[in-house]
Amino acid sequence: MKMTDQGYRLIMEFEGFRASAYRDAAGVWTVGYGHTGRAGKPDVTAGLAITRGQAREILRRDVALFADAVAKRVKVPLTDNQFSALVSFAFNVGPGNFANSSVLAAVNRSDFEAVPRRLALWVKAGGRTLPGLVRRRAAEAQMFSDPENAGKSARPSRTIWSSLMAIAVIIFERLRKSRKEVL
């Protein structure tokens, strides 16, 4: 199992490049392509600025750490694209959250059909559902479930529809609960 170029592109696309340090949606200092001090050097503080080349170098180091964390916890064979989708997920949620996630549990049960639904549950930061996370989880689900053609299809796959349905169920349940509270 190895990280693919498509996996790197997915992370770069959803993290975006920022030359100057900023606080992400959860309030964590971040720079480059989603680098935080939790992943190692450089420590990210206000005023830190890096070049795009430095950001790519840092990303390679960071991804190697997350790929190692994923490889240590996955107990079943995966394709490179399945592995890359999980590395992207772990990169975003952190290795601890990945290790305790229902995503990993489904993978280790070889219940690959459940993985997109499990990914779709991880769309919040700071207690809010973020559209960018919804799109990222759908892209990760696509990469995981369609390992040969991940990211190449012009029409949404059944996996994306499954992810959207899982999100719709979550929203419906919340609306139903809030309606009960009002009554």
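The structure presented is a predicted model; accordingly, all values stated were derived computationally and were not measured.
Residues Phe112 and Leu121 are members of one and the same hydrophobic cluster, defined by side-chain heavy-atom contacts under 4.5 angstrom among Ile, Leu, Val, Met, Phe, Trp and Tyr. Placement of Met12 and Val70 within a single hydrophobic cluster is found when ILVMFWY residues are connected by side-chain heavy-atom separations under 4.5 Å, directly or transitively. Put simply, Trp29 and Val93 are part of two different groups of oily side chains (I, L, V, M, F, W, Y) that touch within less than 4.5 Å, one to the next. There is no path of hydrophobic side-chain contacts, each under 4.5 Å, that joins Tyr8 to Val31.
Residues in residues 99-112 take part in these salt bridge (Lys or Arg N to Asp or Glu O under 4.0 Å) pairs, two or more places apart or across chains: Arg109-Asp111. Each side-chain hydrogen bond (donor to acceptor under 3.5 Å, both in side chains) pair with one or both residues in residues 94-106, not counting sequence neighbours, appears once here: Ser102-Arg118. Contacts classified as ring pair (Phe, Tyr, Trp, His ring centres under 6.0 Å) and involving residues 38-61 (residues at least two apart or in different chains) are not found. Residue pairs that meet the side-chain hydrogen bond (donor to acceptor under 3.5 Å, both in side chains) test with at least one member in residues 67-77, sequence neighbours left out, are Asp68-Lys72. Sequence neighbours left out, the pairs with a member in residues 37-96 that pass ring pair (Phe, Tyr, Trp, His ring centres under 6.0 Å) are Phe66-Phe91, Phe89-Trp122. Pairs of residues two or more places apart, or lying in two chains, that qualify as salt bridge (Lys or Arg N to Asp or Glu O under 4.0 Å) and include a residue from residues 42-56 are Lys41-Asp43. Applying the side-chain hydrogen bond (donor to acceptor under 3.5 Å, both in side chains) test to residues at least two apart or on different chains, the pairs with a partner in residues 13-27 are Glu15-Arg136.
Residues passing the side-chain hydrogen bond (donor to acceptor under 3.5 Å, both in side chains) test with Arg135: none are found, sequence neighbours excluded. Looking at residues two or more places apart in sequence or on another chain, you find a ring-ring contact (aromatic ring centres under 6.0 Å, His included) between Phe17 and Tyr33. The side-chain contact (heavy atoms from CB on, under 4.5 Å) search around Glu57 returns Arg61, not counting sequence neighbours. Under the side-chain hydrogen bond (donor to acceptor under 3.5 Å, both in side chains) criterion, Thr4 pairs with Asn81, Ser84, sequence neighbours left out. Applying the side-chain contact (heavy atoms from CB on, under 4.5 Å) criterion to Leu65, with sequence neighbours excluded, gives no partner residue.
Atom CG of Asp62 and atom OG1 of Thr36 lie 7.5 Å apart (nearest 0.5 Å). A distance of 4.0 Å separates CD1 of Ile58 from CD1 of Ile50, quoted to the nearest 0.5 Å. Atom-to-atom distance recorded for Leu130:CG and Arg137:CZ is 10.0 Å, nearest 0.5 angstrom. Taking CD from Glu113 and OG from Ser145, the interatomic distance works out to 8.5 Å, rounded to the nearest 0.5 Å. Atom CZ of residue Phe98 and atom CG of residue Asn92 lie 12.5 Å apart, to the nearest 0.5 angstrom. Of the inter-residue distances, the one linking Leu119 atom CG with Gln142 atom CD reads 12.0 Å to the nearest 0.5 angstrom.
Across all non-hydrogen atoms, the minimal contact from Ala21 to Gly47 is CB-N, 4.5 Å. Scanning both residues, Leu104 and Ala99, for their nearest heavy atoms gives CD2-O, 3.5 Å. Here the shortest heavy-atom pairing between Lys124 and Thr129 reads NZ-OG1, 3.5 Å. Between Met3 and Ile11, the shortest heavy-atom distance links the atoms CE-CD1, 3.6 Å. Of all the heavy atoms in Asp80 and Met1, the pair that sits closest is OD1-CA, 3.4 Å. The shortest non-hydrogen separation linking Glu140 to Ser88 is OE2-OG, 2.7 Å.
Using a 4.5 Å heavy-atom cutoff, the side chains of Val44 and His35 are in contact.
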